[in-house]
Structure formats: C-alpha cells, structure tokens
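Residue numbers begin at 1 in each chain, while the letters A, B, ... track the order of the sequences.
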Amino acid sequence: MKIYNTMTGRKDDFVPLATGRVGMYACGVTVYDYCHIGHARSAIVFDVISRYFRYKGFQTTFVRNFTDIDDKIIRRAGETGVTWDAVARKYIDEYYRDMDALGIARADIEPKATEHISEMIDVVQTLIAKGHAYAVQEGENESVYFAVDTFGDYGKLSKKDLHDLQAGARVCVDERKKSPMDFALWKASKEGEPWWESPWGKGRPGWHIECTAMAMRHIGETIDIHGGGADLVFPHHENEIAQSEACTGKPFAKYWVHNGFITIDKEKMSKSLGNFFTIREILGVYDAEVVRLFVLSSHYRSPIEFSRDQLHDAESSIDRYYSTVARMDDVIALALEAKSAKMQPAAAAALENMLDRFRPQFEEAMDDDFNTAIAVGHIFELIREINRFVDTKPGGPEAAALLRKAKESLRTVGGTLNLFGRTPQQWNVALLCAKKIPLTEDGIQAKLKERRTARENKDWAAADAVRNELDVAGIVLEDKKDGTTWRVKIV
RNA sequence: GGCGACGUACCCAAGUGGCAAGGGGGAGGUCUGCAAAACCUUUAUUCAGCGGUUCGAAUCCGCUCGUCGCCUCCA
C-alpha cells in the first residue's frame, strides 16, 4: 500500500507503527459558521480512507477534532450577542446535521479543544522546561510563544526556509515575540475574553497546540497518519510538528496526507473570497450520494472544479448504477419461476472473469494512494459487463447465483467507498425529494395502474397520455415483460 | 520575491517509460405498440508548445506559454 506523504514529497510504502493497527488524526473544523463544500470534501476523503483501512483489516482509530475555542468564535459571539460557547455548540450541532445528511460516518473519537486544556498546559510547560518556549507578560497575564529557532527542523513539512519566511513575512511584527515566526502556544486573556486558569494566569490555548495535545492523548506520541486540507500544511501542521517533536523528541506523524481544494472558476473556494457553497445549499438540490461520487471521482490530491455540470454527471452515473441493479434484481426475482433456465456460456464466463478480477483491481487502485477515481472506473466496467450479461436474457438459478455474487462484490466495494448502498427504489424516491417532484411513490403507482388498463385495452392514446403526463413531471416509464417501472428523469 | 502543483477528447477524469481506463454528452444501429433502459459502432494517430534522452515518451530532462495554490485565518 502506498500513500503520498507530504513530508517526503512522494508515495511511500505504508508500514504502520504497530502491525495491524492504524491511528489517524484529521484536522476537523473550527465551529464558527456553517460548513461549505470544501469541508465536505475533506470529510468525505478521510471517511473513505478510514473505511479502506478497515476493509484491509487494520484495527483503525480515527480521530477528528473540533476547534471550539478560537479568535473567530469569539468574534462571532461578539457579533451575534451570544456567548462563545453557545456559538461553538450551535455550529457543532450544525456540523453534525450537515455531515450526517452527507452520509459521513462519525470518527471513532471526536475530541474538543476545550476538553483538553490540562493536556495542552502540560505540553506547554514541557516546552518551556526544555527551552523551546517562553512566556511574555501581557497585561496581568502571560502569553507563551514557541521559539521557532530552537527547532532545527522547522519548515521540513512545507519545505520552507526559515530565513525566506522571515524575509518575506507578511505577518505583522509583534514586539513581544523574539522572532516574527514564533507562534502562540498560550494566549493571555484580555478583558471580556474566555479564559482558563493556567501557570501563566488567565488565558486560552493557541490554535496549533490542541491538535498536539489531542493526538497524543487519543492515539500516542507518534501517530501513523495525520491529515487535513492542503491549506493546513503551513503554518498549522508545521507548527504542530515543531511543538510536538520538540516536546517528545519523537516524530509526530509518520505519514502526512493532505486533500486538494474545491475550486470555483478555478479559484480556491474559501470564506474570505466569498465564493463558497454551503453543504446544505447543495443538498437542497442534489442527493448526498451525488456529492460523494463527485468528490471521489477525482483523486483526493487534485483540485476539483465545482459546478452544476459536474454534479449532474455524477448524478447520471449513479442513476446508471442503480438502473443496472434493478435489471439484476429482475433476473434474480424471476429465477425461481423461470421455465427455461438458460445462460449463454460465453456471456457468463465473461462476467465471471471480470468478477474474479474486480476485487483485486479495486484494491490495486486504492493501494495506490487511495485512487478512488480508478476504483470508481472499475465499478463501471463491471456494471457494463453485467449489463452485457443481462442483455443475453439469462434465467434460472445459476444466472441468479452469478448476479447475486456480482451484487455482493459491488456491495462490499461500494460500502468501502460509501457509495451505492441503497436499493434502486430508495434512490428514485430520494431523487423525487432532491428534485422536488411533487409526486409520491403511491401516486405514481396509481398512474401506472391506470396506464396498464389502457395498455391491456390497446388504448395507446390513453397509455401515452399517462406517459406524457408523468414525463412532464420528470418521471420516465420503462415497459418490461412483467410490468412497468418508473424512474426519475435525469436532465 | 521564495516554495509547490497542474495543463490529456465537446465536458469531467484516470494513466507518470511499451497498443490513451471510466463517466457525461453527440452521431448511427439493435431492441420496443410508442418509448425508456441496455448493448453495439463511432467521437484523442494523440496528451499546452518547442527541444533533448531512449529501440520506444502523455509519462524522464530542459526551456517557453498558461492556470492555480501556499508563504496571513482557511478543509
């Protein structure tokens, strides 16, 4: 298994610290606003990575944190006239509402910064004792900064040179700091700000220290995988490395995994540019599975351009998938009553051959730095082969068994990608909802019954009238030997 | 200014030394009461451009052009 490691700049063989176990930590969100589709990408990517480790049989501990104390949260509290912790609570709730709707599994441990204050203080004290950090008086309290020049490896993750950074520093020079690149481990609390008691008086944690404290507490001093969005490489992860490794003298993480951005008109989607869509805006128009396939159709490190066309493509692909499942179900359902059990040997052999290769190919794709785009490609190759087989009009228990085997493989692989877990019927009902089609399943069935009577009487005009009526509403009918089924039209 | 990434068909997207995956769309066909779905054929002699290395390059090297990211909070 190979994983691209930001630290080494290449794909490295994955060797866990402890055989058969993986500890991974992904940076979550700062809870001061609704999540946008960029947060969704990161969540989807690390959800699937953790699923794949489990698929491979690793005993996996996945930690994803909430930053629930921070300048932006305090500012938002001031703007809206509520307390900072009320802001954090609200947006944690909203986070879960969005991520649950997106179908993202909960991480094994979802720690909050404010619940690990004492662990952070311990790390900061150790850093001061080892001469890597210094306290500075600020009003009645003290702030603590990490002295970047005491950590020789500073810049090793982001490949930055300390001198270049200082030369081109855009950060304001802060008189209190010994060096402009030093960063806050602990911030003295100003009047009206939230605070915790500490050896440096009243204060609150800096941004980076929480991840060090929580990763060590919940996984260990060295973790297998540390991940997050590519924008966290510098300064966040660089600073985490400095403070963690200076504290323990051990490597902080073995593999650094960073997902690429979602872009709008080729530009990074971000709060500051204002060019973002929230998860709930998108889920008001597209089904969650569509968003997940859209994200997984590209490699996780590539930038992906967000657009209506892209989501539409993903929607069509999923519809193709479920249409094929429906065809398989028809063959399986008719197997018992099939008078002539038959199967073309060549067609069956072709499908069996592809089925034998399917799981190994999936693993080969995912083992190569989680290449979900290729994995999805293999799924659709199998779908095509299944359709070829079904086109030969197979029947009987042997054909049914072969298709059941295909369904089982697809279910396992799909489950690992968190895709294709529903029935065709559930998919179409979900589409009624996503596309806001004002019809219920029962209502559609009533129309189908009406049309069946017309067709039995060979009243083609009346039958076509029903078809047209439903077509206008966005429903397509498919006449088959044993009845008519409906689908939501993808336009 | 420093560091880094990317440029593959009408659109999206894999492929990083040996015949250019997959999805969407377009065109033609089979099937069908009419449709839809599905399948078949077709849609890149070519991978931003120019050189170089090689028996062989989308893939490696160099240059040019273009786009984007990080260097400040960011997934």
Side-chain angles (χ1 to χ4, degrees), chain A residues 6 9 26-30 32 35-46 70-72 75 155 158-161 163-172 181 207 227-236 238 258-263 266-273 276 293-294 297-299 301-305 307 309-321 323-324 326-327 361 365 368 371-384 386-392 455 458-461 463-464 467-468 471 476-480 484-487 489-490:
Chain A
T6 306
C27 288
V29 295
T30 300
Y32 73 103
C35 290
H36 60 62
I37 192 79
H39 299 113
R41 182 181 196 188
S42 197
I44 290 166
V45 163
F46 288 102
D70 149 282
D71 291 350
K72 292 189 291 297
R75 192 189 322 133
S158 55
K159 315 288 180 278
K160 292 185 190 305
D161 183 87
H163 297 291
D164 292 343
L165 277 173
Q166 287 174 7
R170 286 196 273 158
V171 284
C172 306
M181 295 316 298
W207 175 31
D231 46 3
L232 297 182
V233 174
F234 189 91
H236 185 51
E238 195 70 69
H258 293 99
N259 65 274
F261 301 123
I262 288 186
T263 60
K266 302 283 183 197
E267 279 193 320
K268 177 186 170 183
M269 181 186 291
S270 73
K271 286 276 170 62
S272 45
L273 287 168
F276 62 91
L293 179 62
F294 159 66
S297 292
S298 306
H299 186 85
R301 282 188 282 118
S302 309
I304 42 177
E305 172 74 8
S307 72
D309 282 353
Q310 296 268 60
L311 288 170
H312 172 263
D313 282 1
E315 190 175 58
S316 298
S317 298
I318 295 172
D319 198 58
R320 173 174 165 78
Y321 181 93
S323 294
T324 299
R327 301 183 84 208
Q361 284 179 326
D368 185 10
N371 199 326
T372 55
I374 291 188
V376 168
H378 288 316
I379 287 175
F380 281 99
E381 284 169 15
L382 179 56
I383 287 293
R384 177 190 298 276
I386 290 167
N387 277 317
R388 282 194 189 112
F389 177 70
V390 172
D391 273 4
T392 64
R455 291 184 77 213
K458 294 207 178 341
D459 183 354
W460 306 125
D464 288 350
R467 182 194 288 290
N468 289 336
D471 185 75
V476 194
L477 302 185
E478 296 183 12
D479 291 330
K480 298 171 184 173
T484 300
T485 56
W486 64 274
R487 304 170 45 247
K489 188 166 52 172
I490 307 290

> Using atom C1' of each nucleotide, how far apart are B:U41 and B:G4 to the nearest Å?
Replying inline: 45 Å
> Given the C1' atoms of B:G24 and B:C6, what is the spacing between them in whole Å?
Replying inline: 23 Å
> Heavy atoms under 4.0 Å, any strand shown: does A:G9 hit a base, just sugar-phosphate, or nothing?
Replying inline: nothing
>> Within the 4.0 Å heavy-atom criterion, would you say A:I262 contacts the bases, only the backbone, or no part of the nucleic acid?
In response: base
>> Taking 4.0 Å as the cut-off, does a side-chain nitrogen or oxygen of A:N371 come that near to OP1 or OP2 on B:G15?
In response: yes
>> Taking B:A20 as the reference, what is the distance to B:U30 when you measure between their C1' atoms (whole Å, please)?
In response: 29 Å
> What interatomic distance, in whole Å, is found between C1' of B:G1 and the corresponding atom of B:G52?
Replying inline: 31 Å
>> With a 4.0 Å cutoff (strictly under), does any side-chain N or O of A:N259 reach OP1 or OP2 of B:A75?
In response: no
> What is the distance from atom CG of A:D319 to atom OG1 of A:T324, rounded to the nearest 0.5 Å?
Replying inline: 9.5 Å
>> Measure CH2/A:W460 against P/B:U32 and give the value in whole Å, please.
In response: 13 Å
> Roughly how many Å is it from CG in A:D309 to C1' in B:C10, rounded to a whole number?
Replying inline: 11 Å
>> Base of B:C39, side chain of A:R384 - is there a donor-acceptor contact under 3.5 Å?
In response: no
>> In this structure, how many angstroms lie between the C1' atom of B:G23 and the CG atom of A:L311, rounded?
In response: 14 Å
> On a whole-Å scale, what distance lies between the C1' atoms belonging to B:U59 and B:A48?
Replying inline: 15 Å
>> Students often get this wrong, so: under 4.0 angstrom with heavy atoms, is A:S302 touching a base, only sugar-phosphate, or nothing?
In response: sugar-phosphate
> On a plain distance test, is the side chain of A:D70 in donor-acceptor contact with the base of B:C73 below 3.5 Å?
Replying inline: no
> Atom CG of A:L382 to atom P of B:A21: distance rounded to whole Å?
Replying inline: 18 Å
>> Using a heavy-atom cut-off of 4.0 Å across all strands, would you classify A:E381 as base, sugar-phosphate, or nothing?
In response: sugar-phosphate
> Do the side-chain N or O atoms of A:R455 get closer than 4.0 angstrom to the phosphate oxygens (OP1, OP2) of B:G33?
Replying inline: no
>> Please enumerate all residues that pass ring pair (Phe, Tyr, Trp, His ring centres under 6.0 Å) together with A:Y321, with sequence neighbours excluded.
In response: A:F420
>> Under 3.5 Å, is there any donor-acceptor pair linking the side chain of A:D313 to the base of B:G23?
In response: yes
>> It should be established whether A:R320 places a side-chain nitrogen or oxygen under 4.0 Å from OP1 or OP2 of nucleotide B:G23.
In response: yes
>> Between B:A27 and B:A35, how many Å separate the two P atoms, rounded to a whole number?
In response: 15 Å
Check nucleotides 68-70 of chain B for protein N or O atoms closer than 3.5 Å to its own N or O atoms and list the pairs.
{"residue": "B:C70", "atom": "OP1", "partner": "A:K268", "partner atom": "NZ", "Å": "2.7"}
{"residue": "B:C70", "atom": "O2", "partner": "A:K160", "partner atom": "NZ", "Å": "3.4"}

> Where does RNA chain B form stems of at least three consecutive Watson-Crick or G-U wobble pairs, each pair having both distances below 3.5 Å?
Replying inline: B:1-7 with B:65-71, B:10-12 with B:22-24, B:25-30 with B:38-43, B:48-52 with B:60-64
>> Can you check the distance between B:G22 and B:G69, where both ends of the measurement are the P atom (answer in whole Å)?
In response: 33 Å
>> Expressed as a whole number of angstroms, how long is the span from A:R327:CZ to B:A36:C1'?
In response: 11 Å
> NZ of A:K480 versus P of B:A35: gap in Å, rounded?
Replying inline: 18 Å
>> Using the C1' atom as the point on both nucleotides, what is the distance between B:A21 and B:A13, in whole Å?
In response: 10 Å
